[in-house]
Amino acid sequence: MTDKAFTVPGMTCGHCVAAVRSELSAVPGVTSVDIDLDSKSVVVHGSSLDTAVIAAAVDEAGYEAVGLS
């Protein structure tokens with residue numbers, strides 16, 4: 001199991017959280033996604049997580065992943 005943590009500064013509401021969670025949940029290998037709107041932090045849990053694919057999923061939701069490594 002691997003975790004990828006990052007922030008999404010553009011998230012401002014529940015709709016933003018839902019959009020990011022939906023896109024990330026569709027990424028192969030992702031088992032769960034924890035999002036804290038107050039701190040704008042996201043932690044993706046799963047196996048064989050590809051950083052570029054996770055960043056692309058956040059981009060597809062209309063936001064930018066910051067600090068993703």
Side-chain angles (χ1 to χ4, degrees):
M1 187 71 85
T2 304
D3 295 339
K4 296 284 187 181
F6 53 95
T7 59
V8 180
M11 289 191 307
T12 59
C13 66
H15 178 266
C16 302
V17 170
V20 170
R21 184 184 312 277
S22 176
E23 290 295 334
L24 288 171
S25 294
V27 171
V30 171
T31 56
S32 65
V33 179
D34 295 324
I35 299 176
D36 180 55
L37 181 58
D38 291 334
S39 65
K40 301 185 185 323
S41 65
V42 178
V43 180
V44 179
H45 308 278
S47 58
S48 302
L49 298 175
D50 184 322
T51 302
V53 174
I54 290 172
V58 174
D59 184 64
E60 184 67 27
Y63 305 94
E64 178 184 6
V66 176
L68 178 61
S69 59

>> Looking at every heavy atom in both M1 and H45, which two are closest together, and how far apart are they?
In response: SD-C, 4.2 Å
>> For the OG1 atom of T7 and the OH atom of Y63, what is their distance to the nearest 0.5 Å?
In response: 14.0 Å
> So which heavy atom on K4 is nearest to which on I54, and how close?
Replying inline: CG-CD1, 3.8 Å
> Can you name the nearest heavy-atom pair linking V66 to F6, along with the distance?
Replying inline: O-CB, 3.3 Å
>> If you compare all heavy atoms of I35 against all heavy atoms of V17, which two are closest, and at what distance to 0.1 Å?
In response: CD1-O, 3.7 Å
>> A side-chain contact here means heavy atoms from C-beta on lying under 4.5 Å apart; do M11 and V42 qualify?
In response: yes
>> To the nearest 0.5 Å, what is the distance between CG on D50 and OG1 on T2?
In response: 11.5 Å
> What's the shortest heavy-atom distance between L24 and A57, and which atoms?
Replying inline: CD2-CB, 4.0 Å
> So which heavy atom on A5 is nearest to which on V43, and how close?
Replying inline: CB-CG2, 4.1 Å
